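Heads up, the thing below is written out as structure tokens.
Chain letters run A, B, ... following the sequence lines, proteins first, then strands; residues in each count from 1. The model shown is predicted, which means the values in this text are computed figures rather than measured ones. These values consider heavy atoms only, across backbone and side chains, with no hydrogens, waters or symmetry-generated copies.
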Number of protein chains: 2
Amino acid sequence: MTGRYTLAETEARGANRLSHMSLDFEAMAVTSNLFRAASAVRNHFERTVLAKSGLSWTAFVVLWVTWIWEPAETREIAEEASISKATLTGVLTTLEKMGLATRSRSATDGRLVIVTVQPAGHKLMETLFPEFNRHEVDVVSDIKGDDRRALADMLRAITAKIEG
Amino acid sequence: MTGRYTLAETEARGANRLSHMSLDFEAMAVTSNLFRAASAVRNHFERTVLAKSGLSWTAFVVLWVTWIWEPAETREIAEEASISKATLTGVLTTLEKMGLATRSRSATDGRLVIVTVQPAGHKLMETLFPEFNRHEVDVVSDIKGDDRRALADMLRAITAKIEG
DNA sequence: TTGAGATTGTTTGGATGCGAACAATATAAA
DNA sequence: TTTATATTGTTCGCATCCAAACAATCTCAA
């Protein structure tokens, strides 16, 4: 939760509030910095790489997942993008308005909706994704190679712990 | 970006799309799992610990920051909570409606708004925050002590790299 | 003292974001 | 065949979330 202030400062300032509680400040530091980092990365990417194309972070992720797996079912896309199906409905409408993707009904199961990337979407991703990846490289450039793998593994462990 | 599928599966499936691109899959795995984890933690906390009190993740963070630093200026709260001032305006309105916090004008600077936690807010945090922390402990329980510190440090490094 | 520029919180407009209710479709057992 | 149950995407209501425009206030130089 802490941002500008260090954990030590927060701990000192919050001493009166927190001193009588039994707390694990290291676990707290993990979740705190997890969100701080995720939020910083997201905002930075939206303001730099994604700004030109007018895509939000979520719209980009949805388009990316569809691009890799197309034709893709919406339930798969929602799962991969870590968003609810209700949210996906809105994002897909946005992508359709932008002419980047289209919806169609499944021929074998009338309940399913199949999503396909439009030519404009393919053209966009062809240049946007490599650029996106270069920013990803930049963001982790202060972390050594072995540590990057360890970092990804620990983040995966957190997700696994929650989702079972 | 990948969720249910492993990076290897995505790489294999996306071979046609990605094979001709020069990509760093390890950097990709970091940002991918960073968001997957942050999203999972947030949703899990909102559905368990926070559900009873009717607080969203953001509302809880804002209340927590105010609780530690009160009386707090809104610009400080927004910075600590990693949200924009526009977002904070809405969240504070929510917290006021719930009777957990109040706004007041600064006596020395008419531009500033000072936020204070109400008695109901104090009472809530007294039990909610320790419970919140117990869930934080649970979430990182599969990661060893030393690794937890390393994890927090690397996440801090990512944020620092972006925010300078 | 005064007026240009800086700072702050709110408003506006638009896009997520989710749970719950819903209608359409599919599946299963009787 | 029929009927109860399950699954899927959308709609609805509401709460974030941000950039940009805005009004109020402060600062500081002339």
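Atom OG of B:Ser141 is separated from atom NZ of A:Lys161 by 3.5 Å, given to the nearest 0.5 angstrom.
With distances taken from any side-chain atom of A:Arg111 to the nucleotides C:dT10, C:dG9, C:dA24, the minimum falls on C:dA24. Across C:dA6, D:dG9, D:dT16, the shortest atom-to-atom separation from the side chain of B:Ala59 is found for D:dT16. Side chain of A:Asp109, nearest nucleotide from C:dT25, D:dC17, C:dG17: C:dT25. Among D:dG9, C:dG9, C:dT25, the nucleotide with an atom closest to any side-chain atom of B:Arg75 is C:dG9. Nearest to the side chain of A:Thr87, among C:dG17, D:dT8, D:dT16, sits C:dG17. When distances are taken from the side chain of B:Ala86 to each of D:dA20, C:dA26, D:dT10, the shortest belongs to D:dA20.
A straight line from CG of A:Leu50 to P of D:dC17 spans 19 Å, rounded to a whole angstrom. Following rounding to the nearest Å, A:Leu63 (CG) and C:dT16 (P) show an atom-to-atom distance of 12 Å. The nearest whole Å value for the distance from the CZ atom in B:Arg105 to the P atom in C:dG9 is 8 Å. For the pair B:Trp57 CH2 and D:dC14 P, the interatomic distance rounds to 26 Å; values are reported in whole Å. One can place CD of B:Glu73 at 14 Å from C1' of D:dT25, the figure rounded to the nearest angstrom. Residue B:Ile114 contributes atom CD1, which lies 11 Å from atom P of C:dT10 at whole-angstrom precision. Put simply, CZ on A:Arg103 is 17 Å from P on D:dT8, counting in whole angstrom units. Taking atom CG of residue A:Leu112 and atom C1' of nucleotide C:dT27, one finds them 13 Å apart after rounding to whole Å.
A donor-acceptor pair is defined here as one N or O able to donate and one able to accept, closer than 3.5 Å; such a pair exists between the side chain of B:Asn43 and the backbone of B:Ser39. Using a distance-only test at 3.5 Å, with no hydrogens or angles considered, a donor-acceptor pair links the side chain of B:Arg105 to the main chain of B:Gly110. Although no hydrogens or angles enter the test, the distance criterion places no donor-acceptor pair under 3.5 Å between the side chain of A:Asn33 and the main chain of A:Arg36.
Cluster annotation: A:Leu112 and A:Val62 are assigned to distinct hydrophobic clusters (Ile/Leu/Val/Met/Phe/Trp/Tyr, side-chain heavy-atom contacts under 4.5 Å, transitive). The hydrophobic cluster containing B:Trp69 also contains B:Leu100, counting ILVMFWY residues as joined when their side-chain heavy atoms lie under 4.5 angstrom apart, directly or transitively.
Looking at which nucleotide of DNA chain D each of A:Glu46 and A:Thr89 is closest to, the 5′-most match is held by A:Thr89. Both B:Asn43 and B:Lys85 lie close to DNA chain C; mapped to their nearest nucleotides by heavy-atom distance, the more 5′-ward contact belongs to B:Lys85.
Here A:Ser56 lies in heavy-atom contact (under 4.0 Å) with sugar-phosphate atoms only. Among the heavy atoms of the strands lying under 4.0 Å from A:Ser84 is at least one base atom, whether or not backbone atoms are also near. Among the atoms of the strands shown, only primed sugar atoms or phosphate atoms (P, OP1, OP2) are found under 4.0 Å from some heavy atom of B:Arg42. Contacts of A:Leu88 with the nucleic acid, taken as non-hydrogen atoms under 4.0 Å apart, are absent.
Between B:Trp57 and A:Phe35, a ring centre-to-centre spacing shorter than 6.0 Å is recorded.
No salt bridge links B:Glu79 with B:Arg75; every basic N to acidic carboxylate O contact stays at or beyond 4.0 Å.
When the side-chain nitrogen and oxygen atoms of B:Arg47 are compared with OP1 and OP2 of C:dC18, none of them lie within a distance under 4.0 Å.
Contacts with DNA chain C (heavy atom under 4.0 Å) in residues 90-97 of chain B: none are found.
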